[in-house]
2 protein chains.
Amino acid sequence: MRKASSTNFSNEAELAAICPMHNVMKVLGGRWKIALLYFIHQGHNRFSLLQKKMPFITTKMLSQQLKELEQDELVLRKIYAEMPPRVEYSLTIKGQSLLPVLEDLYAWGELHTKS
Amino acid sequence: MRKASSTNFSNEAELAAICPMHNVMKVLGGRWKIALLYFIHQGHNRFSLLQKKMPFITTKMLSQQLKELEQDELVLRKIYAEMPPRVEYSLTIKGQSLLPVLEDLYAWGELHTKS
DNA sequence: TACTATAGTGTCAAAAAAGTAACTAATGAG
DNA sequence: CTCATTAGTTACTTTTTTGACACTATAGTA
């Protein structure tokens, strides 16, 4: 929904032109995206594993956020034709390329935000 | 049947414990925060100037986001006791310390997101 | 036959975020 | 006296996001 969303197109376009960071935030801004990238990176690569790691996120949200990450090509979704179904998530090259930047941001957070 | 973590608070706390990036995103995640930091950094340091730069943001949103940036100590708000009122915004040290990280993120965006 | 497991989807309702538009205060200009 | 200016605030409405929870499919197991 977010991608082709109903939000005023010209606003989005203008903002993207003015602040290209907006594109980045569209990709990373979701409430659980960064946590998901980390967990997938750590090898929690299946839906049920991610749910176990984050018991407070609903299945609907998890599915939604994963779908968006996949559409933004940060995460790869590999389906095995088995029963019960098996799906494995992993970071794409693009997803991996984000990790160092996120780590810098994380380091900033460590220094500058208190829990 | 443990209705675990039913309150907002425990969700936030749990999430912050699990993903400290969440704290960073709380500070930067707002729809216009990063753009605002950039513009203020560039010297568009007054309410009306910022509005001119971003004609699509409502006064309410602008005021709200600036207030949050101020509360998070990324932005300094200096009030001059004049009439008509004058208020000047600038980045705090903390706000400035964020710039290099944002630039890295920005560079990633340049490489990996298409406008 | 019933039950389990996986990986979700669909629908409706509630909550949160954002937009709209009117309003404020004090002063100088005309 | 009226208007313009700056930097917002407030009340109300609409839109968007999130939550709760029921439901699906298929094979294997008891």
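Every chain is numbered from 1, with letters handed out A, B, ... down the list of sequences. Excluded from the calculations below are hydrogen atoms, water molecules and symmetry mates; all remaining heavy atoms, backbone and side chain alike, are included.
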Along DNA chain C (nearest heavy atom to each residue), the more 5'-positioned of B:K60 and A:P85: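 This one resolves to A:P85.
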
What is the separation between atom [atom1] on [X] and atom [atom2] on [N], rounded to the nearest whole Å?
X	N	atom1	atom2	answer
A:R31	D:dG19	CZ	C1'	12 Å
B:K52	D:dA7	NZ	C1'	12 Å
A:I79	D:dA25	CD1	C1'	14 Å
B:R46	D:dT5	CZ	C1'	10 Å
B:L62	D:dG8	CG	C1'	9 Å
B:M61	D:dT15	CE	P	17 Å
A:Q65	D:dT17	CD	P	11 Å
B:Q51	C:dT20	CD	P	13 Å

Considering just the side-chain nitrogens and oxygens of [X], establish if one lies under 4.0 Å of OP1 or OP2 belonging to [N].
X	N	answer
A:R86	C:dA7	no
B:K67	D:dG8	no
A:T58	D:dC21	no
A:Y89	C:dG8	yes
A:S63	C:dT9	yes

Among C:dG10, D:dT5, C:dG8, the nucleotide that comes nearest once only the side chain of A:R77 is considered: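 Shortest atom-to-atom distance from the side chain points to C:dG8.
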
Side chain of A:M83 (C-beta onward), nearest among D:dT18, C:dG8, D:dT26: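 Taking heavy atoms from C-beta onward, the closest nucleotide is D:dT26.
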
Sugar-phosphate only, base, or nothing, as touched by A:Y80 at under 4.0 Å among non-hydrogen atoms: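 Nothing, no nucleic acid heavy atom in range.
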
Sugar-phosphate, base or nothing in reach of B:S48, heavy atoms under 4.0 Å: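 Sugar-phosphate contact only.
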
Derivation of the side chain to side chain contact (heavy atoms under 4.5 Å, CB included) call for B:L74 and B:L91: CA-CA 6 Å; B:L74 298 180; B:L91 298 191; 5.9 Å; no

Whether A:H22 and B:W32 hold their rings parallel, tilted or perpendicular, with breakpoints at 30° and 60°: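 The rings of A:H22 and B:W32 lie parallel, inter-plane angle below 30°.
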
Closest heavy-atom pair and its distance - B:G30, B:Q65: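 For B:G30 versus B:Q65, the nearest heavy atoms are C-OE1, 3.7 Å.
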
Short side-chain to backbone donor-acceptor contact, A:K78 and A:V87, under 3.5 Å: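 Between the backbone of A:V87 and the side chain of A:K78 there is no qualifying donor-acceptor contact (under 3.5 Å).
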
Exceeds 12 heavy-atom contacts within 6.0 angstrom, atom CD1 of B:I93: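 No - once you tally the heavy atoms of other residues, nucleotides and ligands closer than 6.0 Å, there are 12 at most.
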
